[in-house]
A.B. asks: 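Questions regarding the structure given below will be posed in turn.
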Amino acid sequence: MKNLRTLVGPAAALVLLLLQSFGSVSARDEDICRLFPNNTVIRDPESCSKSITCIDFVSHYSTCSGSTPFFNKDTGACVKSLSDQSSCSISCSDSVTQFLADPKSCYGYYYCQDQETALYGTCPQDHHFNATTQTCSRQHESACTTSTFEYCYIVKDGVRFDNRQGCNQYHVCTKGVLESKTCSNTYYQASTGTCQDKALVECDAHPLPSNVCGTEKSPKANKFVSDAATCRGYFYCAKQADGKPDPSPQWNQCPADRFFDAKNRTCRLANQVTCTADRCDGRTLNFVVSGTKGCRNYLRCSNGVTLDEKSCGNNFFDEEKGSCVQQITTYPVCT
Ligand SMILES: *[C@@H]1O[C@H](CO)[C@@H](O)[C@H](O)[C@H]1NC(C)=O
Ligand SMILES: *[C@@H]1O[C@H](CO)[C@@H](O)[C@H](O)[C@H]1NC(C)=O
Ligand SMILES: *[C@@H]1O[C@H](CO)[C@@H](O)[C@H](O)[C@H]1NC(C)=O
């Protein structure tokens, strides 16, 4: 990458960059809590009796027991029975002193103490419950498979959660129906369940801005365009055989300390490029000049993210020295 840091213009060099480091999507952990805001409580998709509290994207389980063995996702309480549509309404009326399978789990079962009282239990590790034999048998002898689940059966109405379809998208259940929503001009922050400034949200794959490669009438062919989300990022719109706009342009980033200049479509020194996204992105410096007028303000950066904006008072910020100086200092971005 370093040998390309002096890059100024030719499309050929940018194409080379495209091939080098196309952003890869990091591996996903399968914990369901990766989708939920901190401290959200949901029902375990694999049990009618367990709840999950999501703390820092990790599942923490609790189990309802005794005479209130079912978890109600709407009230967050353990209840005697469930009548919602989540197929957790188990009836003991015909099964007194018998065991019933947990409809959501191969491991769980209910013991019907009387016509109204189900007690929850789970099989030992590596054992599945079998309603026919009324016992827990070895998992490899079992034909049980866990069923798929509906999010709105385990999440209460109004809770936003990540749908992993793009940084600006999330899901919410409304009256038990799953809806897909889009944050406008912002990104969805999974930890807080809110739409936030793009700079504040980590995003592996920036969604395509609308008409990023132009319109059918005037497509952008073999052109570099801003990703409208970061200062370094851009898309390459390739010429299409059918003459239409490129439907899936490739994303890439300028080298360290350079930003993409949408005007002449090149990577230039960061302090020469006007950009309102996070100016700490991709910087090797701990302090960078802010885009605020007068060149008196600077940003404190940490790991490529802005911590805060500070002022030099009546002095000016010098990026090279990384400090405030008396001498008038100007950068194109803040003049
Ligand atoms: C998430 O919630 C837990 C428990 O309330 C808290 O300790 C933790 O700091 C929170 N995490 C964040 C990122 O706020
Ligand atoms: C339960 O056990 C019976 C008898 O061994 C067997 O035929 C059946 O397939 C088992 N059911 C499941 C779901 O494993
Ligand atoms: C890009 O445009 C700026 C002015 O907008 C100019 O100063 C700069 O030299 C241009 N860079 C190239 C490589 O053409």
Side-chain angles (χ1 to χ4, degrees), residues 26 28-63 71 73 75-77 87-88 90-92 94-95 97-112 118 120-149 154-156 158-162 164 167 170-172 183 186-204 278 280 300-308:
S26 58
R28 306 276 185 225
D29 181 21
E30 283 310 298
D31 193 324
I32 191 168
C33 280
R34 75 197 186 283
L35 306 176
F36 290 93
N38 205 18
N39 294 301
T40 302
V41 183
I42 59 174
R43 197 177 64 221
D44 182 356
E46 291 173 10
S47 173
C48 293
S49 290
K50 290 185 182 170
S51 65
I52 297 176
T53 303
C54 293
I55 299 175
D56 293 329
F57 302 120
V58 175
S59 292
H60 295 264
Y61 290 86
S62 302
T63 305
F71 181 73
K73 62 155 175 92
T75 61
S87 67
C88 279
I90 289 150
S91 171
C92 279
D94 295 328
S95 308
T97 71
Q98 286 185 24
F99 296 91
L100 300 173
D102 180 341
K104 298 291 180 189
S105 159
C106 290
Y107 302 94
Y109 58 81
Y110 294 90
Y111 175 70
C112 291
Y120 184 66
T122 50
C123 292
Q125 190 148 26
D126 303 326
H127 284 66
H128 279 178
F129 177 73
N130 184 319
T132 313
T133 60
Q134 292 276 294
T135 57
C136 293
S137 55
R138 293 195 161 275
Q139 197 173 319
H140 67 258
E141 292 162 4
S142 163
C144 177
T145 52
T146 36
S147 56
T148 54
F149 69 96
I154 63 163
V155 181
K156 77 173 180 183
V159 171
R160 294 170 169 196
F161 54 102
D162 205 346
R164 297 280 159 149
C167 300
Y170 62 93
H171 275 325
V172 68
C183 296
T186 47
Y187 280 168
Y188 178 73
Q189 189 178 53
S191 59
T192 57
T194 55
C195 293
Q196 294 281 355
D197 202 66
K198 287 176 183 175
L200 299 176
V201 181
E202 214 175 286
C203 180
D204 294 333
D278 194 342
C280 282
R300 292 198 308 152
C301 304
S302 170
N303 295 319
V305 175
T306 299
L307 290 179
D308 51 19

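Order of listing sets the numbers, starting from 1, for every ligand and every atom in it. Keep in mind it's a predicted model, so treat the numbers as computed, not measured.
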A.B. asks: Give the single entry among Thr145, Thr133, Asn130, Thr132 that approaches atom 1 (C) of ligand 2 most closely by any heavy atom.
C.D. replies: Asn130
A.B. asks: How about atom 7 (O) of ligand 2: does it have a protein heavy atom within less than 4.0 Å?
C.D. replies: no
A.B. asks: From atom 11 (N) of ligand 1, is the closest protein heavy-atom distance below 4.0 Å?
C.D. replies: yes
A.B. asks: In terms of residue, atom name and distance, what is the protein heavy atom nearest to atom 4 (C) of ligand 1?
C.D. replies: Asn39 OD1, 3.6 Å
A.B. asks: So which heavy atom in the protein is nearest atom 13 (C) of ligand 1, and how far is it from that ligand atom?
C.D. replies: Asp56 OD1, 3.5 Å
A.B. asks: Strictly by modelled atom types, are Asn38 and Ser191 linked by a side-chain donor-acceptor pair under 3.5 Å?
C.D. replies: no
A.B. asks: Just checking, is any N or O donor in the side chain of Ser49 or Tyr110 under 3.5 Å from an acceptor N or O on the other one?
C.D. replies: yes
A.B. asks: For atom 14 (O) of ligand 1, what's the nearest protein heavy-atom neighbour? Residue, atom name and distance, please.
C.D. replies: Asn38 ND2, 3.6 Å
A.B. asks: Could you state the interatomic distance from CD1 (Ile42) to NZ (Lys73), rounded to the nearest 0.5 Å?
C.D. replies: 11.5 Å
A.B. asks: Looking at every heavy atom in both Thr192 and Gln196, which two are closest together, and how far apart are they?
C.D. replies: OG1-NE2, 4.2 Å
A.B. asks: Report, in ascending order of atom number, the atoms of ligand 2 lying under 4.0 Å from any heavy atom of Ser142.
C.D. replies: 14 (O)
A.B. asks: Is the shortest side-chain N to carboxylate O distance from Lys104 to Asp102 below 4.0 Å?
C.D. replies: no
A.B. asks: Measuring from atom CG of Asp162 to atom CD of Gln189, what distance do you get when rounded to the nearest 0.5 angstrom?
C.D. replies: 11.0 Å
A.B. asks: For ligand 1, which atoms sit closer than 4.0 Å to a heavy atom of Ile55?
C.D. replies: 3 (C)
